[in-house]
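To find a chain, count down the sequence lines: A is the first, B the second, and so on, and within it residues start at 1. Note: hydrogens, waters and symmetry copies are ignored here, and every other heavy atom, side chains too, is used.
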Amino acid sequence: MPYTTNDIKAIESKWQKYWEKHRSFRAAAAPNKPKYYVLEMFPYPSGKIHMGHVRNYTIADVIARYKMMQGFNVLHPIGYDAFGQPAENAAIKNKTNPADWTYKCIAQMHDELKKMGFSYDWDRELSTCDAEYYKWNQWIFLKMFERGLAYKKASSVNWCPDCETTLANEEVINGACWRCKTVVVQKDLEQWYLKITQYAPALLDDLQKLEQWPSRVRLMQENWIGKSYGVEIYFKVKDSKETISVFTTRADTIFGATYVVLAPEHPLVKKLVAGTPQAKETLAFIEKTTNKSKSLRMSGDQRKEGVFTGRHAVNPVNNEAIPIYIGDYVLMEYGTGAIMAVPTHDQRDFEFAKEHKLPMRIVIQDPKNPGITVEKMTKAFEEEGILVNSGSFDQTPNVEAKKNIAEWMQDQGFGKMSVHWRLRDWLISRQRYWGTPIPIIYCEACGQVPVPWRQLPVELPKDVEITGEGGSPLARSRGFVECTCPKCNKPARRETDTMATFFDSSWYFLRFCSARNNDEIFDAKDAAYWMPVDQYIGGIEHAILHLLYSRFFTKFFKDLGLITMDEPFVRLLTQGMVLKEGEVMSKSRGNTVDPDEVLSRYGADTLRLFILFAAPPEDQLEWNDSGLEGSWRFLNRVYQMVEKRYSSTVIQAPSSVIRSSTPVILSPKGEESHPDPTLERERNKAIKSVTQSFEEGYKFNTAISHMMVLANAIDKAKTNVDAAIETLVLLLAPFVPHVAEEMWQMMEKTEASIAHAAWPVFDEAALKTAVITMAVQVNGKVRGQIQVAPDTAQDELRKLALADPGVAKYAQDAAIKKFIVVPNKLISIVVA
RNA sequence: GGGCGGGUGGCGGAACUGGUAUACGCGCAGGACUUAAAAUCCUGUGGCCGUAAGGUCAUGAGGGUUCAAUUCCCUCCCCGCCCACCA
């Protein structure tokens, strides 16, 4: 009797209740038991889960359940990344409070996750917007403040006009806000930063330890941190006491420098142009450029604008006086904010030089085009070549010269070798309400005063109206702002900015180790046992942001002596996107499939199975309704197989359901003593293949196909199938936990729940066959097949192969030049 | 512009270390059951030629190495993602 939607609903809710009642997935540290920490990137609680969540968490759940069956002590927690702007936007729209809205969403989300049957330890569930959680954000901030790692500075920052808040560099994507896509502008503001740059070397070097991360994520982080070796070269300004320091990675081209360019924001600019005829024009240019949005200014193939300052600089290597320009293509934030321009060997300089008719000089000869002149160049030559016009360095390959010239300049005092990083400090202040208050008090007499430990948490006031306008909402709460200085007891005011929400998610994996501990951020013993996270799963979009910040926090905690490991995530899996009709499923595109609808029609197990079967976890997944139907069919088939065999304890289907007319044949249990060797081989093969699919990179799609093969073999065998069915149910358990539990119960096994039954093991000997099929090729083409005993001798193989009629046709009368045997697989005969 | 992935039937995707390409599923076609349909079950299913046996061509295109190439090498085309005036 095929089960129905109602049957499946009954089965799923029955087992969900069972797991809840028995707290089946509660984890407790057990120092003598091997642990496994599986974690998915926790969700923002929007209230409804989407297919991306379902995919992410299903992958994690299968891994968690598999490891449980393998005997690991598994920690698999869940929580909510609950601070952030959507709650504020919703509050404005619905005239509610962000807290009320968020907690309502969390409750909904919680129910949806339960309906998927995920094996979470619900006792550790947490929300970052709980004061008992964000209290520790403040604690961390103060620890950083104490060590000078959290500091406030005025600078030009990224500002999203739509969100009305500042953004970190990592949050600016193509010059636009990562959340709302509004073009980001620059603003001069005093803001809080975390000194992540102090950890730049460790963050870079330790990427090597992350062998089990996708290499592209490591590469993306490497590029983001952006270490480059080069030389800072000092150019004296002619007729002045000033010196311009430029940074270059191309010391080999120093003899080709024909001008110097400063960023418009460079502090020296105003001093240099003062009193020159060019002063007015220069200042106007600076005004114009700095008002331009950063994204516009940085967009690639733009005309390079700039002006001459009227001053000259002296190239230390040849004492040439070269003009000093200001150009919009030079960025103040990188290097020294000044460059030496070598138009012949740098495309950007080349374009600028053409635009402004500046001189050029070739210093690296193109081996493919040795006679070329400056006039004939159409673009910069940026490849390897031999140095010319470079004094005593002439005729050296430029790669070699790079090092030699750098050392020589350093010896001569012309410059010093240095390293520059692309990574900037992390701007964490946000002018928003729904986040962790930054625990700082401003006192006229004492300055920035940290909130004393025992006063934590600094709680978010509830009486703030959220309007979405007019700066930090907290500034409008007098009760919040007005306070007394902890040092001198005089009236003072609180910081009204809140922390970026990425702060919250940078350490939640540690909190999960002791989620209910209110005396400490986490228990050192618990963290030592559970950490690091063995398997982390989430989207590639966090390749830089969240993963880099989490690594930074982990290193900081290690320096505090709280933990001993220096990397938080041993193994990372970045799951692919869910597409529909070739496009990413998203609300804005309106092409989403609601997991709830699928759930109410097919149940969680079918959804889980389909999602895992349709594509390897890292690849994109194309949604397909008939594929879903196929998964339903497969589960149904297996269920009937078990039901037929073990009858009685079946969920009673509603009477309205028309039952199949075929009578169920009840066979007495325990009658089998000699399993069919073919089926036994298939059974062992399935265990081996499914286990391998897990161990070799979580190829769930092939794992499922192997289970299907076993199901097909059971169907074919008809009798003596008990052992094979049992194996199939066990293999299915991590994937489709509810149906597996139900089938397990029908089979009346001793373990009450299959979730903690042992993962099956295979017998290598059972995989052997008495007869194997070998393909026979003649001149590279398969012409026949022969059945032989394993490891048959060559002579025998030769005889048998040539006796095959198909082979004989091509090889019989010909002279055999070669006879190649791939043991137990293939024979290749080469004839003249 | 730079970097990293990819390109296999009508579709999602398999293929160990170079060893019988297309596992498994979807879809499709035919059949069984049914008054009929749904569901279920059985059979077939890369293209071309052939009644068949069989032959032949196929893993983005072209070349190479090899007894043997989806896999290794060279040239090129296309798609996706990330970074991008970083000196």
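Taking the nucleotide of RNA chain B with the nearest heavy atom to each of A/Ile829 and A/Gly806, the more 5' of the two is matched to A/Gly806.
Residue-level contact check: A/Lys817 touches neither bases nor backbone, having no heavy atom under 4.0 Å from any strand. At a threshold of 4.0 angstrom between heavy atoms, the contacts of A/Gly780 are confined to the sugar-phosphate backbone, with no base atom among them. When heavy atoms are screened at a 4.0 angstrom cut-off, A/Arg422 is found touching base atoms of the nucleic acid. A/Tyr810 comes within 4.0 angstrom of sugar-phosphate atoms only, judged by non-hydrogen atoms across all strands, and of no base. Residue A/Asp349 is out of contact with every strand shown, counting any heavy-atom pair closer than 4.0 Å.
Listed by chain and number, the residues in a side-chain contact (heavy atoms from CB on, under 4.5 Å) with A/His542 are A/Met41, A/Phe502, A/His546 (sequence neighbours excluded). Here A/Leu800 pairs with A/Ile786, A/Val788, A/Glu796 under the side-chain contact (heavy atoms from CB on, under 4.5 Å) rule; sequence neighbours left out. Residues passing the side-chain contact (heavy atoms from CB on, under 4.5 Å) test with A/Asn56, sequence neighbours excluded: A/Glu40, A/Ile537, A/Gln575. Listed by chain and residue number, A/Arg348 satisfy the salt bridge (Lys or Arg N to Asp or Glu O under 4.0 Å) test with A/Asp346 (two or more places apart in sequence, or in another chain). A search for side-chain contact (heavy atoms from CB on, under 4.5 Å) contacts involving A/Ser631 returns A/Thr606, A/Leu609, A/Phe610, not counting sequence neighbours. Partners of A/Phe762 under the ring pair (Phe, Tyr, Trp, His ring centres under 6.0 Å) rule, at least two apart in sequence or in another chain, do not exist in this structure.
In this structure, the nucleotide among B/C24, B/A87, B/C4 sitting nearest to the side chain of A/Leu219 is B/C4. Closest approach to the A/Val830 side chain among B/C4, B/C67, B/U40 is made by B/C67 (side chain taken as heavy atoms from C-beta onward).
As rounded to whole Å, 18 Å separates atom C1' of B/C24 from atom CD of A/Glu629. In this structure, A/Lys781 atom NZ and B/A68 atom P are separated by 11 Å, rounded to whole Å. When rounded to the nearest whole Å, the span between CG of A/Asn223 and C1' of B/C81 equals 14 Å. When the C1' atom of B/C26 is taken as reference, atom CH2 of A/Trp632 falls 18 Å away, rounded to whole Å. Put simply, OH on A/Tyr334 is 13 Å from C1' on B/A84, counting in whole angstrom units. Taking atom CZ of residue A/Arg218 and atom P of nucleotide B/C4, one finds them 13 Å apart after rounding to whole Å. We find that CZ of A/Arg250 is positioned 10 Å from C1' of B/A87, with the value rounded to whole Å. Following rounding to the nearest Å, A/Asn636 (CG) and B/A38 (C1') show an atom-to-atom distance of 14 Å.
Taking the P atoms as reference points, B/C72 lies 35 Å from B/G27, given to the whole Å. Comparing B/U70 with B/C79, their P atoms are spaced 25 Å from each other, to the whole Å. For B/G63 and B/A69, the P atoms lie 14 Å apart once the distance is rounded to whole Å. Look at the P atom in both B/U59 and B/U8: the space between them is 11 Å, to the nearest Å. Separating the P atom of B/U71 from that of B/G9 is a span of 15 Å, rounded to the nearest Å. Separating the P atom of B/G1 from that of B/C76 is a span of 14 Å, rounded to the nearest Å. Taking atom C1' on both nucleotides, B/C73 is separated from B/G18 by 13 Å, rounded to a whole Å. Separating the P atom of B/G25 from that of B/C77 is a span of 40 Å, rounded to the nearest Å.
No side-chain N or O of A/Asp349 forms a donor-acceptor pair with one of A/Tyr259 less than 3.5 Å apart. Defined by atom type and a distance below 3.5 Å, a donor-acceptor pair is present between the side-chain atoms of A/Glu232 and A/Ser245.
Base orientation of B/G60: anti, the glycosidic angle falling outside 90° of 0.
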**Fill in**
Pairs under 3.5 Å (Watson-Crick or G-U), crossing ones as [ ], inter-strand ones as |: RNA chain B comes out as (((((((..(((......[....)))((((((.......))))))((((....))))..(((((..]....))))))))))))....
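For residues 608-619 of chain A, every residue pair satisfying the side chain to side chain donor-acceptor pair (under 3.5 Å) rule, not counting sequence neighbours, is listed here: A/Asp61-A/Arg608, A/Thr574-A/Glu618. For residues 817-826 of chain A, the side chain to side chain donor-acceptor pair (under 3.5 Å) pairs, not counting sequence neighbours, are A/Asp791-A/Asn824. Within the structure, the salt bridge (charged side-chain N to carboxylate O under 4.0 Å, His left out) test picks out the following pairs touching residues 694-717 of chain A (sequence neighbours left out): A/Arg637-A/Asp715.
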**Prompt:** How would nucleotides 9-20 of chain B be written as a contact map, 5' to 3', with B for base contact, S for sugar-phosphate-only contact and - for no contact, using protein heavy atoms under 4.0 Å?
**Reply:** ---BSS-B--BB
**Fill in**
Readout for nucleotides 42-51 of chain B: B = base within 4.0 Å of protein heavy atom, S = sugar-phosphate only, - = neither; 5' to 3' it is ----------
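The aromatic rings of A/Phe735 and A/Phe694 sit tilted relative to each other, their planes meeting at an angle between 30° and 60°.
Aromatic ring centres of A/Phe352 and A/Phe350 lie farther apart than the 6.0 Å criterion allows. For an aromatic pair to be called close, the ring centres must be under 6.0 Å apart, and A/Tyr329 with A/Tyr334 fails this.
Contact check, A/Arg633 against B/C24: no side-chain N or O comes under 4.0 Å of OP1 or OP2.
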